[in-house]
Amino acid sequence: MATYITSDAHGHLRALDQALEQAAPGADDTVYVLGDMIDRGPEPVGVINLVRSLPNVHVLMGNHERLMLNAIERGSQMDIFTWERNGGYATSAQFDALPVAEYRAVIEWIRELPLSDAIEVGDRAYLLAHAGIEPRAFTCWLAGAGYTGEDGYADVPIDVLRQAMAAQDEEDLLWIREAFWGVPTGLVGPDGRGPVVIAGHTPSSLLFRYAANMCGTGCNKDGLGCMVEVGPTHDTGGVADHLAIDCSAAAGAGVGRVGVMRLDDRRVWYGDIAEGE
């Protein structure tokens, strides 16, 4: 059984479908989707339907799903304007065309999405959130739970890591950028062991504005977004403690792609955004 991860399809159904078709997760595999299925691109409902159809899928909420819920549930002019300004018009139009029962079912499903998770793949723990974590708050919480980091964090039980993730501020899990990408997490020790944080939210083509020690530019030779490791130093044994998986789909054709990674061996497959999408 393999573990796959993707994020930030932003309504680009064909590109997500292409990446998943190449990756070919099987019925016994697990797929994690780190939010921002909607907005920007032309087929947000199609992306939601594809994601929900995957066997053994686990989906986290992204900031765009939160913006949508704010606009629908609170309904203030500012909430609606903020959502539309961030690409919500495409999603709103498709939702308006849905039968009432289907619309309600989709909204209820999105409302129940968790904000974070922690998983184990091989001998490595991975912390999952749409945007990232606030590292100091995370290690402070672990210290309060009796894990000071004196011997590293590689042996912290996965259920404790899940609790630490759940204790993070929602605003950070959905929106954080430089305060996550620009600093070490402190979770990977000099022996290279410890949890790695996986996040989307910040497009890889713009990651250089926020990140320290990127393993690449965030784009391939043709200028297309790609997944990229961040943060390997002497203090982490040369292991990247962040993994960026937003391949800039929100930017559209010429820059954007949707990526799917198999965590077991870090192999990645991409679906490009075509002109007009």
Side-chain angles (χ1 to χ4, degrees), residues 2-7 23 32 34 116-143 147-158 160-162 164-165 168 172 176-221 224-248 257 259-270:
T3 302
Y4 296 81
I5 194 156
T6 186
S7 189
Y32 288 87
L34 303 193
S116 65
D117 205 347
I119 63 174
E120 291 177 305
V121 178
D123 59 358
R124 177 81 64 185
Y126 292 94
L127 310 180
L128 312 181
H130 174 66
I133 65 170
E134 205 296 308
R136 183 176 298 179
F138 193 88
T139 53
C140 284
W141 189 96
L142 288 177
Y147 299 92
T148 62
E150 291 180 4
D151 299 317
Y153 296 97
D155 297 322
V156 178
I158 196 69
V160 174
L161 292 173
R162 288 196 186 101
M165 290 296 286
Q168 285 273 294
D172 289 328
I176 198 167
R177 291 196 197 274
E178 188 172 7
F180 167 61
W181 293 111
V183 300
T185 65
L187 298 172
V188 176
D191 59 359
R193 300 173 65 236
V196 170
V197 187
I198 304 178
H201 181 56
T202 301
S204 62
S205 58
L206 300 178
L207 193 59
F208 69 92
R209 296 182 180 178
Y210 311 100
N213 299 320
M214 288 176 61
C215 299
T217 65
C219 296
N220 70 0
K221 61 181 178 59
L224 299 174
C226 59
M227 295 186 181
V228 60
E229 295 180 334
V230 175
T233 66
H234 175 76
D235 291 336
T236 65
V239 172
D241 56 358
H242 312 60
L243 180 56
I245 65 169
D246 179 346
C247 302
S248 305
R257 294 197 290 183
V260 174
M261 173 182 283
R262 186 168 59 204
L263 278 176
D264 307 74
D265 58 4
R266 299 284 184 96
R267 184 175 177 185
V268 184
W269 296 265
Y270 295 103

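- Closest approach of Cys215 and Pro232 over heavy atoms only: SG-CG, 3.4 Å.
- Nearest heavy-atom pair across Met261 and Val268 is CE-CG2, 3.5 Å.
- Annotation: side chain of Leu161 is in contact with side chain of Phe138 (closest heavy-atom distance under 4.5 Å).
- Expressed to the nearest 0.5 Å, how far OG of Ser116 lies from NE2 of His130 amounts to 13.5 Å.
- Under a 3.5 Å cut-off, the side chain of Arg257 and the backbone N or O of Tyr270 do not form any donor-acceptor pair.
- A 4.5 Å side-chain heavy-atom check between Val196 and Leu187 finds every atom pair outside the cut-off.
- Put simply, CD1 on Ile5 and CZ on Arg262 are 14.5 Å apart, with the number rounded to the nearest 0.5 Å.
- Between the side chains of Asp241 and Thr185, at least one donor N or O lies within less than 3.5 Å of an accepting N or O.
- Within 6.0 Å of the CG atom in Asp265, the count of heavy atoms belonging to other residues, nucleotides or ligands exceeds 12.
- The minimum heavy-atom distance linking Gly225 with Ser204 is given by the pair CA-OG, 3.4 Å.
- Without hydrogens or angle criteria, Asp264 side chain to Thr3 main chain gives a donor-acceptor distance under 3.5 Å.
- Judged by distance alone, the side chain of Ser248 and the main-chain N or O of Ser205 form a donor-acceptor pair under 3.5 Å.
- Contact between Phe180 and Ala131 at its shortest, heavy atoms only, is CD2-O, 3.6 Å.
- No donor-acceptor pair under 3.5 Å is formed between the side chain of Glu120 and the backbone N or O of Ile158.
- Counting only heavy atoms from C-beta outward, the side chains of Ile245 and Ser7 approach each other to under 4.5 Å.
- Under a cut-off of 6.0 angstrom, the local environment of CZ in Arg266 is crowded, with over 12 non-hydrogen atoms contributed by other residues, nucleotides or ligands.
- The CG atom of Leu127 sits 9.5 Å away from atom CG of Asp117, with the distance rounded to the nearest 0.5 Å.
- Summarising the geometry, atom CG belonging to Asp151 is positioned 10.0 Å from atom CZ belonging to Arg193; distances are rounded to the nearest 0.5 Å.
- Arg124 contributes a side-chain N or O that, together with a main-chain N or O of Gly194, makes up a donor-acceptor pair within less than 3.5 Å.
- Pro195 places a side-chain heavy atom less than 4.5 Å from the side chain of Tyr153.
- The side-chain heavy atoms of Met227 and Cys247, taken from C-beta on, include a pair separated by under 4.5 Å.
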Between Arg209 and Glu178, does a salt bridge (Lys or Arg N to Asp or Glu O under 4.0 Å) hold up when you go through it step by step?
CA-CA 8 Å; Arg209 296 182 180 178; Glu178 188 172 7; over 6 Å; no
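- Side-chain contact between Ile198 and Leu34 is present, with at least one heavy-atom pair separated by less than 4.5 Å.
- Contact of the Tyr147 side chain with the Val160 side chain is registered, since non-hydrogen atoms from C-beta on lie closer than 4.5 Å.
- Asp172 contributes no side-chain N or O that, together with a main-chain N or O of Ile176, makes up a donor-acceptor pair within less than 3.5 Å.
- No donor-acceptor pair closer than 3.5 Å links the side chain of Thr236 to the backbone N or O of Gly189.
- Shown are Asp246, Val230, Leu207; of these, the side chain to side chain contact (heavy atoms under 4.5 Å, CB included) with Thr202 is made only by Leu207.
- Taken from NE2 in His242 to CH2 in Trp181, the straight-line distance is 6.5 Å, to the nearest 0.5 Å.
- Pro135 places a side-chain heavy atom less than 4.5 Å from the side chain of Val183.
- Between atom CE of residue Met165 and atom CH2 of residue Trp141 there is a gap of 11.5 Å, rounded to the nearest 0.5 Å.
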